[in-house]
Amino acid sequence: MKDRLFIFDTTLRDGEQSPGAAMTWRLKLEVARQLARMKVDIIEAGFPVISQGDFDAVYSLASELKGVTIAGLARCVDKDIEAAGRAIKPAGDHGRIHIFLATSKIHRDFKLGKSQDEILRLAVKGVEYGKSLAQDIEFSPEDASRTEPEFLIDICNAVIEAGATTVNIPDTVGYAMPDEFGALIARLARDVEGFRTGKAIISVHCHDDLGLAVANSLAAVKAGARQVECTVNGLGERAGNAAMEEIVMAIRTRPDFYGNVDCGVNAKEIVRSSKIVARASGFTVQRNKAIVGKNAFAHASGIHQDGVLKNRDTYEIMNPEYVGWGETELSLTKHSGRAAVNARLKALGFRLNDEEVSAVFNQFKEIGDKKKYIYDEDLIALTGGLLGNGTYSWDLVNIQYLGGNRLVPTATISLKKNGTLEKGEPRVTTFLDADTGDGPVDAVFQTIKRITDRQDATLVEFNIRSTSQGQDAVGEVTVRLTFGDPSYQVVGRGASTDIIEASARAFISAINRQILIESGSHSA
Ligand code: KIV
Ligand code: ZN
């Protein structure tokens, strides 16, 4: 019998808290479906009290997803706990309220202005209230790794007594060292009665400020933690959270070290999950990232290549196919029909409605005329800019641009606006305009700003990469825009064989997201 390690995925909560990673509801749904397909145990879907969008996201995922626990986060105050309780209700026995309250001296003195006794009392009261709304209660003493261990033991005992079935020990600011963190978990496993008797399990939640989130999480598993909180690609606040794929593959690759411990994750879905999260969040994965980076299994040196050809085990400690590499091969050509494109999108993990399939298919056809083969990577890139556009979204119809060292860069663009109402009937309106800029991309952006009347859009980041191989590869552009508030960035993506067109599509997709955010609707 395996000793079960629960994987608690917080990509949609802590991951989404990463500045600039905010996802539209439609993209969150794709990520959540993929997490469920990968068989994580718990999905933390959001923080229901902070916005209607977060509440709706948790509520809808709790209604739709089966076979996975849906958690909603709450501060240790009644209104948060009540909102989380309502949001997870459709999940029934598979709903969890996750309550947190800071316990370290620095947080008690400077953030909360409360004594140890007050914190203890509030924690118990919060857990008791949560327990009246749901059976599955998790409590997190925030900044636990910097909390006095004796007080932490008291807190753990008290919240378990009040009904918490999981107690999560966060290294909130990524301060702990692996040996030290492992020793803390071992001490809690030994000195907290509820952990000893199995009344509650120990969870950990590590941040990567010193690059130690995964090492600390694994040290905790070795010491007795049986839930790890993590995110796909290590997305998360500041330097991020522990990377799910690294934790799963460490325990799978080293059973000699971790003994009987295993989790339920279907590792074949890891690479797919990484790609979907990268697209949804706008955070590209670095090439040399463990497990999911493009170079993770690439052997460049002659000596390594020779060794791998003779016996893979010489330089490969894992089989790349085991985590889903090599699955995404050449797929389609311009002759492929709508059904084939949709089937491929499904195989890649997307569940699109008819309108969305049509949007992807239309762009697929345009690209198919210019490019011989369309690879899975290209198809995924196409979905990046098209999903998550609201009803009142803008679409590119035509684009022309002029450039050169003796010409004033000029763009002429036609855009259509969906969803405008005329006499109560929805209709599509088309607009045409032209403008100049410092270069062709700038001219395109200025023209789009004029047409959409978004002079407040400011470009803060522009990235371009090719999604597949060959001279006719699809270029994928990612832009980050701000709209007045410099601390809030909106990501847009676009793809095309023409990089200026890809830039236009990325800019339009960011504007569409901003319109959605302003309308307060993440549920479009
Ligand atoms: O980092 C942290 O402490 C958290 C808690 C809410 C668990 O994210
Ligand atoms: Zn966190």
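Counting starts at 1 for both ligands and their atoms, following the listed order. Note that this is a predicted model, so its numbers are computed, not measured. The residues of the chain are indexed from 1 along the displayed sequence.
At the top of the distance list for atom 3 (O) of ligand 1, counting protein heavy atoms only, stands T172 OG1, 2.7 Å. Of the protein's non-hydrogen atoms, the one nearest atom 4 (C) of ligand 1 is H205 NE2, 3.5 Å.
The pair R96-E138 counts as a salt bridge, with a side-chain nitrogen and a carboxylate oxygen less than 4.0 angstrom apart. We find that E321 and K268 are not joined by a salt bridge, their nearest charged nitrogen and carboxylate oxygen being 4.0 Å or further apart. Ionic pairing of R33 and E30 is present here: one or more N-O contacts between side-chain nitrogen and carboxylate oxygen are shorter than 4.0 angstrom. A salt bridge does not link K105 to E148: none of the charged nitrogens lies less than 4.0 Å from a carboxylate oxygen. For the pair D3 and R226, the salt-bridge criterion is met [side-chain N within less than 4.0 Å of a carboxylate O].
Between N168 and ligand 1, not a single N/O pair is under 3.5 Å apart. Residue D14 has at least one nitrogen or oxygen atom sitting less than 3.5 Å from a nitrogen or oxygen atom of ligand 1, judged on distance alone. At a 3.5 angstrom cut-off on N or O pairs, H207 counts as close to ligand 1. Residue-to-ligand polar distances keep E229 apart from ligand 1: every N/O pair is separated by 3.5 Å or more.
Atoms of ligand 1 lying under 4.0 Å from at least one heavy atom of P170, given by number and element, are 3 (O). Annotation for ligand 1: atoms under 4.0 Å from non-hydrogen atoms of E142 are 3 (O). Proximity to F100 (heavy-atom distance under 4.0 Å) selects the following atoms of ligand 1: 6 (C).
Expressed to the nearest 0.5 Å, how far OG1 of T69 lies from CD1 of I42 amounts to 5.5 Å.
The distance cut-off of 2.8 Å around the Zn ion (ligand 2) captures these protein N, O or S atoms, sorted by chain and number: D14 OD2, H205 NE2, H207 NE2.
Among residues at least two apart or in separate chains, side-chain hydrogen bond (donor to acceptor under 3.5 Å, both in side chains) pairs with a member in residues 206-217 are D14-H207, H205-H207, D209-R238.
By the side chain to side chain donor-acceptor pair (under 3.5 Å) test, R351 is found to be paired with no residue, residues two or more places apart in sequence or in another chain being considered.
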Output, in order, the C-alpha distance, side-chain angles, deciding distance and verdict of salt bridge (Lys or Arg N to Asp or Glu O under 4.0 Å) for E118 and R108. CA-CA 10 Å; E118 281 173 289; R108 290 194 314 265; over 6 Å; no
For N168 and S140: C-alpha separation, side-chain torsions, deciding distance, then whether side chain to side chain donor-acceptor pair (under 3.5 Å) applies. CA-CA 5 Å; N168 179 43; S140 287; 2.9 Å; yes
Would you be so kind as to tabulate the donor-acceptor pairs closer than 3.5 Å made by side chains of residues 280-292, with sequence neighbours excluded?
| from | atom 1 | to | atom 2 | distance (Å) |
| --- | --- | --- | --- | --- |
| S281 | OG | V277 | O | 2.7 |
| S281 | OG | F283 | N | 3.2 |
| Q286 | NE2 | N288 | OD1 | 3.1 |
| K289 | NZ | E245 | OE2 | 2.8 |
| K289 | NZ | E246 | OE2 | 2.5 |

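Proximity of R13 to ligand 1, defined as any heavy-atom pair under 4.0 Å, is confined to the side chain (atoms from C-beta onward).
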